[in-house]
**Q** 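There's a structure below that I have some questions on.
Both counts, for ligands and for their atoms, begin at 1 and track the order of listing. Computation of the quantities below employed the complete heavy-atom set of this structure, encompassing side-chain atoms and omitting hydrogens, waters and symmetry-equivalent molecules. Throughout, numbering of the chain's residues begins at 1 and tracks the sequence. It should be emphasised that the depicted structure is a prediction, and the values quoted were computed from it without experimental measurement.
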Amino acid sequence: MHNRIRLLALLLGIACSPLTAQVELTVHVDQPQFEISPTMYGIFFEDINFAADGGIYAELVKNRSFEFDRPLMGWQREDRAGGAGATLVENEQAIRPDNPRYLTVTVDATDGAYVLRNEGFRGMGIKAEETYDFSVLARNATGDLNLAIALTDTSGQVIGRSEVPLDAAGADYSAVTASLTADRTDARARLELIFTGRGTVELDMISLFPRHTWKDRPGGLRKDLVSLLDSLEPGFVRFPGGCIVEGRDLANRYQWKKTVGDVEDRKLIVNRWNTEFNYPRNAPDYYQSYGLGFYEYFLLSEDLGAEPLPILNCGMACQFNTGEVVAMDELDPYIQDALDLIEFANGDATTRWGKLRAEMGHPEPFGMEYLGVGNEQWGPEYVERYQAFTDVLRAEHPEITLVTTVGPFPDGDRFDYLWGELNKLDPQVVDEHYYRPPEWFLANAGRYDDYDRNGPAIFAGEYAAHGPSDDRPESRNNWLSALTEAAFMTGLERNGDVVRLTSYAPLMAHLDAWQWRPDLIWFDNLDVGPTPNYHVQRLFSNNAGTHGIPALANGAPLTGQDSLYASAVLDTIAGTVIVKMVNAGGQPAPLSVRLPGKTATTKANLTVLRSNGIMDYNTVGTPSIRPKTEQINPVGQGTKLTLPPQSVTVLTVTLE
Ligand code: AHR
């Protein structure tokens with residue numbers, strides 16, 4: 001057995017003798033200690049692992065605007081059956097600085113055809129019976145030119161076809177559209193633009209979307225992926241990251257203003273995860289089209305009933321990369337970006353940025369309450385810049401709660417230094433990150449027990465147990481990682497007076513295009529795969545409750561005694577008490593739950609999440625690890641349970 005796994009097995013109690021003594025857990029329903037924050041369980045979205053382009057953003061055409069460094073990356077050209085043609089990439093920087101390139105197509109195909117083919121993001125996921133909407137900006141069509149589009153499957157067979165009326169293309173760009181319905185499902189389909197006749201035309205923004213997106217918005221988001229987020233009932237959406245906020249250098253940082261307005265005017269840039277890791281995980285075709293931009297992030301947050309929580313660049317590029325910082329006397333534009341973002345989100349439609357939001361379709365403010373300053377920064381250079389931001393933002397927008405970082409690690413010199421320095425600046429919310437081995441999560445269930453009750457709120461902004469894995473991408477999201485995160489989360493919940501926001505990270509990964517694992521949700525072009533970690537998050541989030549209450553064994557919280565962990569909440573709206581229990585050990589654990597003062601209840605549900613093998617994991621398309629719920633007999637003065645080995649159990653009792 002691998003040494004780390006052996007150590008963990010010991011920690012989990014796999015080698016211990018069976019638990020015979022029954023643990024009595026007393027849940028003090030009548031002693032609400034604190035209100036659970038509505039933002040307690042949220043989501044962290046970053047465009048990493050093809051989470052946005054090629055992922056949740058449902059666009060199927062890669063490099064639709066020819067703005068990748070190699071303008072025809074993702075496109076192939078073919079003279080077919082006697083037809084011929086040529087393409088020329090032209091640049092009109094002076095007129096359209098944010099999307100300067102377009103494609104001039106010259107066709108000589110009175111016989112045969114000239115074909116432009118797009119390969120999609122590792123192919124296109126096409127579903128039988130679904131309708132796909134094609135659009136292209138076209139102008140200056142000359143001669144006698146015809147265009148048809150076709151979807152072809154992996155073997156090149158046509159699975160849907162439609163004519164495109166090019167004759168509407170005059171001197172100015174106009175959107176030419178068509179739609180087709182696929183007759184087969186294929187995970188790696190291609191889109192062909194088939195030109196016949198003779199003539200020329202200029203094209204840009206060649207696009208194909210499924211008609212049925214989340215809320216059926218044209219040009220919208222993948223429904224299956226957003227539905228999984230919706231089921232989490234997240235309290236907030238943190239966006240757009242992550243290191244992507246920082247960029248590898250400042251030129252490559254995330255600038256929200258370049259992500260709003262008409263999609264064709266959003267300036268595409270390279271994705272910083274493009275070649276961050278060595279082959280085979282690098283992705284030279286990874287760019288940010290910003291089709292999913294700040295407006296769409298706000299809209300998504302609203303759709304999910306979640307607080308929007310944007311994080312902005314604070315004048316510092318990623319310190320793991322260039323570590324470039326903007327000179328202090330040139331920081332103002334960065335602070336101005338923050339002020340303008342508040343106006344974009346919350347200003348009325350008469351303000352400059354509020355007007356843009358209204359024109360984009362949302363006259364009502366988004367009601368943003370949180371704003372993060374920097375992602376994983378460290379050192380005095382961060383403190384200085386953070387202070388400059390807070391001086392202005394607190395004076396001008398005291399209604400906005402600011403989030404500050406204490407760097408990438410949960411402890412160590414950088415962490416201690418930042419806590420010390422930031423504490424002098426009276427921070428409101430402090431964002432801690434921990435990517436650590438599973439045993440760390442077990443050992444740290446009491447991490448927040450001694451945090452200052454009068455200090456800043458804690459945002460557990462990025463965390464995940466990083467343990468052993470096999471060759472399959474999803475394998476690091478094994479049951480071991482999910483179980484240990486659940487144990488740790490009971491500690492977050494028990495300390496809900498201090499810990500006010502939490503989010504697992506990263507959120508999503510494409511099976512064929514990932515850079516980082518583990519991730520909460522794996523997907524491919526057709527399917528999704530909620531991980532065991534997803535189900536843990538969902539169990540906590542769907543059962544967040546309204547008030548934290550004590551759950552004590554022998555007068556103390558369960559923080560790993562006999563490998564047991566527990567937390568409890570009251571839900572005053574639903575009239576329930578919810579007890580979360582984790583048995584991290586390898587033996588069944590007899591346990592009785594007492595609710596003093598409550599002698600009878602009408603209903604109790606028991607939900608158990610577990611897997612037989614600690615290294616089991618869910619694969620995309622066949623996610624077998626999922627919770628099972630049963631109704632149990634009414635609970636009185638001691639409900640006797642047996643927590644299965646290595647399991648997460650949620651007991652929900654409806655109070656009279
Ligand atoms: O979640 C992946 C990365 O981990 C984030 O971009 C960064 O903030 C952290 O280091």
**Q** What pairs meet the salt bridge (Lys or Arg N to Asp or Glu O under 4.0 Å) rule with one or both residues in residues 485-494, with sequence neighbours excluded?
**A**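 Output for this query lists D449-R494, E493-K580.
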
**Q** How about F459 and F236: are their ring centres within less than 6.0 Å of each other?
**A**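 When the ring centroids of F459 and F236 are compared, they turn out to be within the sub-6.0 Å range.
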
**Q** Hey, is R472 close enough to D470 for a salt bridge, meaning N to O under 4.0 Å?
**A**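 Salt bridge absent between R472 and D470.
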
**Q** At a 4.0 angstrom heavy-atom cut-off, what protein residues surround ligand 1?
**A**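 Contacts of ligand 1 under 4.0 Å: F44, E46, G242, C243, W273, N375, E376, Y435, E462, P506, W516.
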
**Q** Going by the salt bridge (Lys or Arg N to Asp or Glu O under 4.0 Å) test, which pairs reach into residues 310-326, not counting sequence neighbours?
**A**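 Non-adjacent pairs meeting salt bridge (Lys or Arg N to Asp or Glu O under 4.0 Å): zero.
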
**Q** Name all residues meeting the ring-ring contact (aromatic ring centres under 6.0 Å, His included) criterion together with Y286; count only those two or more places apart in sequence or in a different chain, and write none if there are none.
**A**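 Y286 satisfies ring-ring contact (aromatic ring centres under 6.0 Å, His included) with F50 once adjacent residues are dropped.
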
**Q** Please determine, by modelled atom types, if E421 and Y386 share a side-chain donor-acceptor pair under 3.5 angstrom.
**A**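 Looking only at side-chain atoms, Y386 and E421 do not form any donor-acceptor pair under 3.5 Å.
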
